[in-house]
Amino acid sequence: MGPLSGLVPELDVRIKNMKVAASSAMTTSSHPRDRQESQETLQTAFSIVVWHCLKPSFVALGMFYLDLLIGTPLHWKHVSVLPTFLLGLAAAGKQRPAAAVIMVSLFSMLPWISGSFTRIVGAYLCSDTFIAPLIWYTYEDISDHTEIRWVMIGCALDVVYLGTVAVTFIFHPVLVVPGSFACWIGILILSAVAYDPGWVMSLAQAAPELQTPGMPLESIPRYMLQIFMFRLNRVVRYCGKKYRILTQKDRIKVSRQQSSRDQYTYSSLHNEIPMYKRNIRLLRILKGGPADEVTCRLVVVSLDDPGEFEAISYVWGNPSKKKRIVVDGLDLNITKTAYDIIHRRRSIFEDRFIWIDQVCINQEAGDGNLEKQYQVQMMKEIYKGAKRVMAFLRWEDPVVEIGKPTPRPNAYLVQSHFAELFYRHQILGHDPATFKAVYQAESKAEQWDALVAFFSNPWFRRVWIIQEAVFAKDLIFFYGDICLDWKSVARAVNVIYDQNLLQRFQSSDPYTQSTLRAKYNEGLHNVDSILDFRGDINYQQAFTLEHTLEMCIHAGSTDPRDKIYALLGMTVDASEDRIRPVYGPEVTPRMVYTKAMKLILSQSMTKQDGNQLHALTTAGIGFDRNIQELPSWVPDWSRTTQTKFLDPGYFAGTGYPAFIEFPAANESTLLLSGFCFDRMKRLSEPLDIRPDLEIATDDVYLREWYQTTEALAMSMVEDPYPFTREPILEAFVRAVLGDRSSWGANSRPTTEQCLSDYKAFFRLHDMKKQLLANIELGDTNDSSEEFSRELIDVVERNSRFGTFAGQCLLRKRFCISVEGRMASVPLHSKEGDLLCIINGARAPYVMREDKDGNYKLVGCCYVHGSMNGETPTGTMQRFSIV
């Protein structure tokens with residue numbers, strides 16, 4: 001920032017501190033002493049903020065009396081003194097080029113502002129308000145949210161300066177100071193008004209035309225300012241790239257000594273020695289120009305006092321290390337992704353300290369790397385101790401699928417659309433129904449493409465990033481040319497992840513049945529999990545290892561063991577003390593996963609909510625597995641695409657006390673109690689939508705699958721259905737839906753809704769054909785109003801049917817049992833497998849008996865008429881599951 005407006009960052013920090021102190025002071029659960037301290041901190045911060053806000057007024061008064069002393073209009077020599085002086089100060093302080101750019105803008109305006117020092121300083125302040133944050137943003141030191149905040153603070157200071165200047169025009173020079181004093185009193189009153197939300201709301205009620213449902217009065221100007229600055233940033237980036245100011249990375253100057261340099265070798269951190277156990281390395285990036293060779297130093301520090309540093313969160317990408325940096329005078333080979341990040345974080349003006357795992361942890365010591373084991377255990381503290389965490393989202397080529405749209409990453413559309421979503425939801429108060437109307441009336445295809453590409457980025461699907469993001473004090477995203485802060489992403493996800501709104505988006509977008517949609521859903525789910533972990537939202541769930549793994553089911557890792565290790569730091573059930581990260585060859589993924597499942601099941605027996613065996617819903621050989629050697633009762637958590645079975649609304653076996661035992665003689669065996677009540681007789685083909693098929697082909701496949709499966713049920717099951725006394729068609733549809741049509745309580749559909757949604761599935765296909773036929777005949781006129789209304793209703797019903805039928809049946813099979821029950825069973829079930837009630841489990845399970853009398857868990861299932869304890873109790877037995 002410029003020398004005069006350097007108080008803007010200081011003001012920003014003080015205002016943040018004031019908000020934190022105000023929040024603490026208003027927390028009723030806080031200790032009275034803590035509340036008193038918070039109130040004192042609040043008062044101190046508030047007085048400093050007011051003092052800083054008055055500084056422009058003092059400057060305006062000084063310039064006014066200086067003009068009176070020298071006389072106006074000024075001569076050229078007088079005019080050039082101040083800009084030259086300010087430029088000299090900036091150069092002496094080795095500041096960023098903001099001051100220089102401001103001086104150039106001032107010299108360009110001299111014909112209009114050269115009349116007085118008051119005008120020159122005013123022009124300087126107004127220029128600095130926009131130019132300095134813009135330059136800082138361009139050099140990637142601040143996020144767009146901080147940039148907007150700084151511009152708004154700068155505008156407020158400009159108003160103070162210009163208000164004081166207006167006072168000098170109104171009053172006689174002798175009365176200027178008393179008049180200004182009166183204005184300062186007014187500022188204090190306005191500050192109190194702005195600080196007190198009650199006053200703001202009173203003002204809003206007094207002026208209904210200014211009211212906004214969600215936020216105070218400044219929100220609409222803020223949104224307009226955001227859009228303006230986003231466009232200005234884009235112009236600056238474009239010009240910087242066009243004239244090669246910002247893209248000189250590929251023209252690195254190579255040192256003549258390069259050929260004679262040796263490879264860097266790591267010295268031990270000695271973490272195994274108690275006095276050195278908290279040692280880590282920080283990478284000190286030495287300052288240099290964009291075209292200079294990247295030179296660094298590795299510095300060993302203790303986590304007890306590491307100093308200020310930035311922690312990097314990223315995806316390795318291609319593991320080949322073809323790039324090179326200079327570390328302590330020696331060459332170190334790293335991946336292209338790590339190189340790009342380090343080059344981007346290098347500054348022309350100062351050295352920077354960062355922590356990046358690829359460089360700061362010795363990666364060359366092999367699988368038995370003891371240093372890696374110790375450092376992984378400290379990653380939680382590393383990311384908590386960092387000044388800020390910088391997440392770099394690698395810019396990827398779009399996924400190309402035959403017959404389906406290919407969205408292009410567009411960082412600027414993501415940025416502006418995040419702001420629009422928040423504005424519509426929080427400022428204008430749009431609910432899901434209003435959003436639905438807006439998205440039907442307006443074309444949002446480009447914005448939706450940008451969001452799909454953004455959330456399908458690999459960063460959002462990496463398990464390690466969850467811990468890195470959760471413990472960050474300040475989380476910043478670098479995506480293409482933009483820099484987003486966590487608050488922007490969190491606000492957008494809070495809007496998008498609304499189930500009703502999400503269903504509306506997904507029902508009409510072209511990616512519904514694509515690989516990209518699966519990646520997008522996984523990324524969005526993981527961001528929602530991060531929101532919960534960070535406390536931005538609260539689902540009232542304790543972060544046990546079981547719950548943490550369930551929340552992060554869609555997050556993956558290269559090493560399967562990391563799926564457990566990466567989440568231990570976020571658990572609150574002592575899992576971190578019982579499972580220690582070990583990367584030696586003697587510790588296999590089977591051993592880590594089995595130990596984790598034993599811990600989860602042992603801890604779950606203390607529950608009193610009927611969820612003691614909930615962890616088994618993701619286990620079983622009936623689902624696809626990456627790790628084939630796992631016991632059947634241990635989930636394969638390395639799978640990220642497995643559909644979760646939602647069992648909280650069912651009570652198949654909760655009427656019986658749960659029983660769990662681990663025989664000491666065989667660590668791979670689990671003992672459960674229960675009884676078998678039926679056996680599989682006929683299985684349908686699996687319902688598995690292939691992402692490589694075109695959407696039209698998918699539609700035909702789904703229609704034929706449901707028609708074939710319905711015919712199977714009609715031919716093999718009694719009418720009415722013997723176990724619920726429902727007509728056979730209604731029972732079939734309920735079995736397909738899992739007897740659900742909404743989320744939460746009262747999720748069971750009525751008969752009318754159940755049958756209407758199923759009919760809408762087939763009706764939509766007919767209506768699509770009708771529309772296509774009209775287009776082929778050249779009839780491009782809008783359909784009748786009645787047809788349009790029916791189409792909207794059918795699309796909504798079809799979307800609801802597809803959501804819950806997919807939840808119950810996707811990548812599963814429809815089954816008819818020996819006794820005539822209808823069920824949805826795991827993909828790899830076989831005819832002859834047993835349907836069983838497990839004591840304490842909410843859902844029935846499929847079991848497969850082997851020749852030794854042991855059982856393998858195939859997986860949980862939905863059996864219509866057996867989900868709420870209706871099944872007659874059979875012969876109780878102990879299942880020895882291997």
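The basis for the numbers below is simple: all heavy atoms, side chains too, and nothing from hydrogens, waters or symmetry mates. Keep in mind that what you see is a predicted model, and the values were worked out from it rather than measured.
Using cut-offs of 30° and 60° for the angle between ring planes, the Trp459 and Phe477 rings count as perpendicular. Relative orientation of the Tyr583 and Tyr565 rings is perpendicular, given thresholds of 30° and 60° on the angle between their planes. Ring geometry for Tyr264 against Tyr266 counts as perpendicular: the plane angle is over 60°, on a 0 to 90° scale with 30° as the lower cut. Relative orientation of the Tyr276 and His270 rings is tilted, given thresholds of 30° and 60° on the angle between their planes. The aromatic rings of Trp316 and Tyr314 sit parallel, their planes meeting at an angle under 30°, below the 60° perpendicular limit.
Looking at Ser632, its side chain does come within 3.5 Å of a backbone N or O of Leu857 through a donor-acceptor pair. Judged by distance alone, with hydrogens and angles left aside, the side-chain atoms of Asp833 form a donor-acceptor pair with the main-chain N or O of Lys830 at under 3.5 Å. Under a 3.5 Å cut-off, the side chain of Gln358 and the backbone N or O of Tyr339 do not form any donor-acceptor pair. Panel note: side chain Lys321, backbone Leu332; no donor-acceptor pair is recorded below 3.5 Å.
Using modelled atom types, one finds a donor on one side chain and an acceptor on the other under 3.5 Å when comparing Ser668 with Arg590. In this model, a donor atom of one side chain and an acceptor atom of the other lie less than 3.5 Å apart for Asn611 and Arg842. Using a 3.5 Å distance cut-off with no hydrogens or angles, the side chains of Gln807 and Tyr862 do not pair a donor with an acceptor.
Ion pairing between a basic and an acidic side chain is recognised when a charged N comes within 4.0 Å of a carboxylate O; Glu310 and Arg345 show such pairing. Between Lys487 and Asp485 no salt bridge is recorded (no basic side-chain N to carboxylate O distance below 4.0 Å). Taking 4.0 Å as the cut-off between side-chain N and carboxylate O, Glu831 and Arg679 do not count as a salt-bridged pair. Using a cut-off of 4.0 Å between Lys/Arg side-chain N and Asp/Glu carboxylate O, Lys336 and Asp340 are scored as salt-bridged.
Of the inter-residue distances, the one linking Glu468 atom CD with Lys384 atom NZ reads 15.0 Å to the nearest 0.5 angstrom. To the nearest 0.5 Å, atom CD1 of residue Ile660 and atom CZ of residue Phe662 are 6.0 Å apart.
In plain terms, the two heavy atoms of Asn279 and Gln375 that are nearest each other are O-NE2, 3.0 Å.
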